[in-house]
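Everything on this sheet refers to the single structure shown next.
Here, residue 1 is the first one in the sequence, and each next residue gets the next number.
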Amino acid sequence: MKPMTDTILEGVKPSDFRDMQHISEGRLGALGVDVVDRLVANGWVQPVSGTYLITLTGRTLMDYPRGIRA
């Protein structure tokens, strides 16, 4: 049986958690455009009328157990 992998968590780095935390706290200015573009490309953040919202996928990532962040 092939082991299951979670594609939401594939390629996630600790900095991704930190960057999305900045967005969730309204500190978008602390991030570079390239960082935000990468989060959008991964589907974790969605721009809506000039505001960046964390998607359900991004929220799932942020809520994942702390063990993945080690």
Side-chain angles (χ1 to χ4, degrees):
M1 183 171 165
K2 182 178 176 184
M4 295 177 62
T5 58
D6 192 334
T7 57
I8 291 173
L9 299 174
E10 193 171 294
V12 178
K13 298 176 277 198
S15 62
D16 295 328
F17 292 104
R18 188 175 52 248
D19 296 339
M20 286 200 304
Q21 189 66 37
H22 284 299
I23 291 173
S24 73
E25 294 171 355
R27 296 184 291 146
L28 186 63
L31 304 175
V33 173
D34 58 327
V35 172
V36 176
D37 286 346
R38 182 176 39 78
L39 296 174
V40 170
N42 286 334
W44 301 330
V45 175
Q46 178 69 41
V48 177
S49 300
T51 301
Y52 288 89
L53 304 175
I54 297 175
T55 64
L56 180 58
T57 305
R59 190 77 245 169
T60 301
L61 177 67
M62 290 182 71
D63 291 344
Y64 196 75
R66 191 117 178 106
I68 191 73
R69 301 176 193 194

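The side chain to side chain contact (heavy atoms under 4.5 Å, CB included) check on L28 picks up I23, L31, V36, Y52, with sequence neighbours excluded. Listed by chain and number, the residues in a salt bridge (Lys or Arg N to Asp or Glu O under 4.0 Å) with R27 are E25 (sequence neighbours excluded).
A 4.5 Å side-chain heavy-atom check between V45 and T55 finds every atom pair outside the cut-off.
To the nearest 0.5 Å, atom OG1 of residue T51 and atom CD of residue Q46 are 12.0 Å apart. Note: D37 CG to N42 CG = 11.0 Å, rounded to the nearest 0.5 Å. Remark: D19 CG to R38 CZ distance equals 5.5 Å, nearest 0.5 Å. Expressed to the nearest 0.5 Å, how far CH2 of W44 lies from CG of L61 amounts to 5.5 Å.
When all heavy atoms of G43 and T57 are compared, the pair lying nearest together is O-CB, 3.9 Å. G58 and M20 get closest at one heavy-atom pair: O-CE, 3.7 Å.
Side-chain atoms of D16 come within 3.5 Å of backbone N or O of K13 as a donor-acceptor pair.
Counting Ile, Leu, Val, Met, Phe, Trp and Tyr side chains that sit under 4.5 Å apart, directly or through other members, V33 stands alone, with no cluster partners.
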